[in-house]
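Heads up: the structure comes next, in structure tokens.
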Amino acid sequence: MTGTAAPEPVLLGVRHHGPGSARAVRAALDRCRPTAVLIEGPPEADALVPLAAEQDMRPPVALLAHVAGEPGRAAFWPFAEFSPEWVALRWALAHGVPARFIDLPAAHTLALGAGGGAGRGPERDASPEGVGPRTDPLAVLAGAGGYDDPEAWWEDVVEHRRGEGDALAPFEVVAEAMGELRSALGEEEDLEHDAVREAHMRLKLREARREFGGAVAVVCGAWHVPALAERRTVAADRQALKGLPKAKVEIGWVPWTHRRLSRHSGYGAGITSPGWYGHLFRVPDRPVERWMTDVARLLRAEGHPVSSAHVIEAVRLAETLAAMRGRPLAGLAETVDAIRAVMCDGSDVPLALVRDRLVVGDVLGEVPDAAPASPLQRDLDRQRRALRLKPEAAARDCEFDLRKDTDAARSRLLHRLRLLGVDWGEPLPSRGGLGTFRESWRLCWEPELSVRIAEAGVWGTTVEGAATAKAESLARDATALAEITSLAERCLLAGLPDALPVVMRALADRAALDSDAGHLAQALPALVRSVRYGDVRRTDTAALAEVAAVLAERVFVGLPAACAGLDADAAAEMRAHVDGVHQAVALLAGTADEPSTVAPGLRDRWAAVLKVLAERDTLPGGIRGRATRLLLDDGRLPHERAARLMGLVLSAGTPPAEAAAWIEGFLGTGGSGGMLLVHDERLLALVDGWLTAVPPDAFTGVLPLLRRTFSAFEPGVRRTLGDHIRQGGRGPGPAQSLHATAPGFGPALDPRRAAAVLPTMRLLLGGETV
């Protein structure tokens with residue numbers, strides 16, 4: 001021992017994710033050349049530090065720590081390229097200097113229930129759970145400097161500095177200001193959690209000074225600097241850490257996004273404009289000019305007429321605004337005002353595009369393959385690379401052709417992930433409709449999906465194995481028949497043949513015990529859709545088809561009784577079930593050319609059920625009207641009989657509300673009822689005659705139902721119906737024909753007028769003209 005005192009540590013208090021702080025940290029490290037760099041973060045990540053030097057590691061990234069066996073209890077520590085901690089980490093690796101994390105271990109943080117880095121704020125970590133929101137130190141300093149916006153104050157005093165003067169001077173000033181703030185706010189703040197963390201930081205700092213000697217640099221939130229400079233005994237710091245709960249944790253690197261660095265994302269990382277801050281960090285000179293150029297390039301790509309003259313004028317306006325507002329350099333507020341006025345013609349619509357694409361941005365980080373990951377994560381990474389599915393922060397729509405092996409495999413992977421709760425993709429309505437070979441998805445990778453993958457790891461080590469185990473568990477725990485049929489559909493979509501036997505047994509057991517026709521009718525459509533997937537996905541669904549046929553027969557038997565005695569809401573729900581069963585029967589029965597061998601005669605038996613529903617007076621009007629319409633559309637009910645049923649229900653003895661419900665059931669699905677009225681004048685006359693005969697005291701009650709029904713018609717259909725009524729008039733009886741006075745409409749085909757279009761039709765169809 002020489003008796004020479006060790007050099008004092010270099011305390012670099014920063015703003016998390018501040019590009020000005022990042023530049024200042026780099027300059028300070030270049031000047032003081034520390035023997036070690038200590039960084040605010042979980043010490044469990046020390047072994048992961050070398051990965052930050054890998055070429056495949058591209059920020060933004062985050063350290064993800066979670067309790068072993070409980071992935072839902074997790075915390076994130078995000079890093080962007082302009083984060084001071086990331087700059088310090090990369091500087092240490094580039095100069096061969098040891099880098100250590102010194103914050104309270106994640107084992108304690110997660111055991112205490114604190115949010116850890118997941119909630120890190122601008123200058124200091126967010127409050128742990130159970131602690132109220134605390135004063136923002138920057139807001140206090142900004143107010144003292146005459147600013148009402150902490151972001152603007154920080155930009156002026158830190159972000160717009162370009163390295164003038166002593167590299168350590170800004171940190172000394174910030175440390176002094178934070179010391180005064182801690183003295184003033186200490187009695188108001190709940191600093192118990194901070195005190196524990198700072199005690200651990202001081203212990204790690206002493207340990208590093210003994211191990212490495214020389215000047216040790218500490219990069220931490222500015223709020224903690226006065227506490228680290230404070231003289232405390234080792235015994236006192238150890239006492240502060242005594243008795244802390246501890247959990248076993250696992251930690252690794254995961255990709256992050258600029259959107260998750262934004263305060264608006266809910267993660268509270270502390271910056272509203274990560275894209276703008278990234279620009280300030282990357283651009284060494286003329287940041288405003290280069291920013292305006294990027295904006296112009298974006299707007300031109302989106303079809304907005306922006307020229308070089310616009311860029312020049314926008315730069316001039318931004319600089320003028322900065323001078324008028326007393327700012328050293330045009331900041332984000334000035335550039336946004338200039339862009340709106342010059343490039344967007346005062347409109348906020350294109351400006352919203354600039355905010356979304358540039359001010360925030362869609363940057364998604366990357367993590368090297370060498371980073372620790374769960375077996376399930378590695379299997380997912382292997383599959384997505386093989387299928388060329390790249391995670392992207394921006395939402396992207398894509399369409400898969402299920403006849404192609406690669407697209408079919410992509411679809412199976414996404415469906416398996418959704419079954420595991422990893423919603424990387426969201427299914428969209430396909431332009432091909434149901435039962436076709438097209439499938440549309442919207443893909444968007446969110447950082448929290450890494451947590452979902454960790455949680456799904458309890459089900460297996462591969463995506464297929466985990467999804468199979470999860471499906472089997474869901475089948476055993478399901479209590480409703482509709483849940484099991486929906487699960488069967490999802491298993492077929494995801495290509496999980498090993499899970500189907502368990503699902504089928506659960507389906508058979510539940511169907512045998514469930515005698516509620518409504519439940520059976522609700523479950524049947526999903527089951528029949530599952531049968532249809534065998535065509536495109538080459539899945540054997542013979543056993544499923546047999547179960548569906550048995551389920552359909554049980555629905556046929558119990559449905560008429562289940563429709564009796566229902567109130568308005570229950571009747572509307574049952575009417576939707578009738579529609580679903582009708583579509584399911586059409587799919588299950590096959591076509592006239594290729595009838596189903598599993599369920600022969602199914603259409604005829606369903607038509608008999610619909611006839612009972614249509615003619616039983618004790619059933620709700622909406623269900624009777626819907627059954628009548630379904631029979632009419634299938635050609636199993638003559639128009640005269642349909643008009644007879646409508647005439648009966650619209651007679652004077654039927655309550656207006658019941659008649660209106662019948663009309664809604666008959667006309668109100670899909671908007672096609674309007675065309676039916678256009679071409680069937682008898683039905684139109686019936687509706688017209690009934691509507692004008694509704695008593696005034698009842699009209700107000702049925703009006704909302706009628707408005708809902710007729711609003712589903714297309715505008716052209718509504719206009720045509722209005723013309724028919726206006727031109728045709730109304731006679732004393734509801735069955736009066738409208739064609740007598742409506743020009744262009746007659747009781748039969750006009751051969752002369754029809755012959756006039758034949759040459760054109762032959763030309764269109766490729767035939768010879770005559």
Side-chain angles (χ1 to χ4, degrees), residues 14-24 82 121-123 135-165 169-170 173-174 177 181 222 262-264 270-296 298-299 306 308-361:
V14 301
R15 179 196 186 190
H16 300 305
H17 311 310
S21 290
R23 288 193 301 268
F82 49 83
E123 298 75 40
T135 305
D136 181 3
L138 280 194
V140 178
L141 292 177
Y147 285 75
D148 57 2
D149 183 2
E151 294 276 347
W153 177 83
W154 185 262
E155 281 193 352
D156 287 352
V157 301
V158 178
E159 304 302 342
H160 293 162
R161 292 175 59 91
R162 291 290 168 176
E164 304 90 348
V173 174
V174 170
L181 277 176
S262 169
R263 179 179 296 131
H264 299 297
I271 51 175
T272 58
S273 50
W276 165 253
Y277 273 12
H279 173 80
L280 291 179
F281 182 73
R282 290 189 302 270
V283 176
D285 62 337
R286 306 177 72 86
V288 177
E289 290 85 344
R290 296 176 187 271
W291 177 256
M292 294 299 186
T293 302
D294 291 342
V295 172
L298 170 65
L299 293 177
V306 179
S308 300
H310 286 90
V311 175
I312 296 171
E313 187 59 31
V315 171
R316 288 177 179 173
L317 179 55
E319 293 175 344
T320 301
L321 290 173
M324 293 176 62
R325 296 169 181 174
R327 306 192 66 180
L329 184 70
L332 181 60
E334 287 71 35
T335 59
V336 167
D337 290 343
I339 291 167
R340 179 191 289 110
V342 178
M343 297 185 183
C344 301
D345 297 326
S347 173
D348 285 337
V349 176
L351 186 63
L353 181 67
V354 175
R355 291 183 186 275
D356 184 66
R357 299 280 187 86
L358 294 181
V359 177
V360 176

**Request:** List the steps and the verdict of side chain to side chain contact (heavy atoms under 4.5 Å, CB included) for T320 and E334.
**Result:** CA-CA 9 Å; T320 301; E334 287 71 35; over 6 Å; no
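Considering all non-hydrogen atoms of both residues, H279 and P287 come closest at NE2-O, 2.8 Å. L280 and P19 make their closest contact through CB-CG, 4.4 Å (heavy atoms, listed as atom of the first residue, atom of the second, distance). When all heavy atoms of A338 and A314 are compared, the pair lying nearest together is CB-O, 3.4 Å. Pairing each heavy atom of M292 with each of A318, the nearest pair is CE-CB, 4.1 Å. In terms of heavy-atom proximity, I339 sits nearest to L351 at CG2-CD1, 3.9 Å. Across all their heavy atoms, D337 and R325 have their closest contact at OD2-NH2, 2.8 Å.
Here T293 contributes atom OG1 and I312 contributes atom CD1; the two are 9.5 Å apart, rounded to the nearest 0.5 Å. Considering CZ of R357 and CG of D294, their distance stands at 13.5 Å, rounded to 0.5 Å. The OG1 atom of T272 sits 9.0 Å away from the CZ atom of R355 when rounded to the nearest 0.5 Å. Considering OG1 of T335 and CG of L332, their distance stands at 4.5 Å, rounded to 0.5 Å. Of the inter-residue distances, the one linking R290 atom CZ with D285 atom CG reads 5.0 Å to the nearest 0.5 angstrom. Rounded to the nearest 0.5 angstrom, L329 CG and E319 CD are separated by 8.0 Å.
V360 has its side chain within reach of P274: a pair of non-hydrogen atoms, C-beta onward, lies under 4.5 Å apart. Residues L358 and W291 are in side-chain contact: their nearest non-hydrogen atoms beyond the backbone lie under 4.5 Å apart.
With E313 contributing its side chain and H310 its backbone, the two residues share no donor-acceptor pair below 3.5 Å. A distance-only check finds no donor-acceptor pair linking the side chain of R282 to the backbone of F82 [under 3.5 Å]. Put simply, the side chain of S347 never gets that close to the backbone of C344: no donor and acceptor are under 3.5 Å apart.
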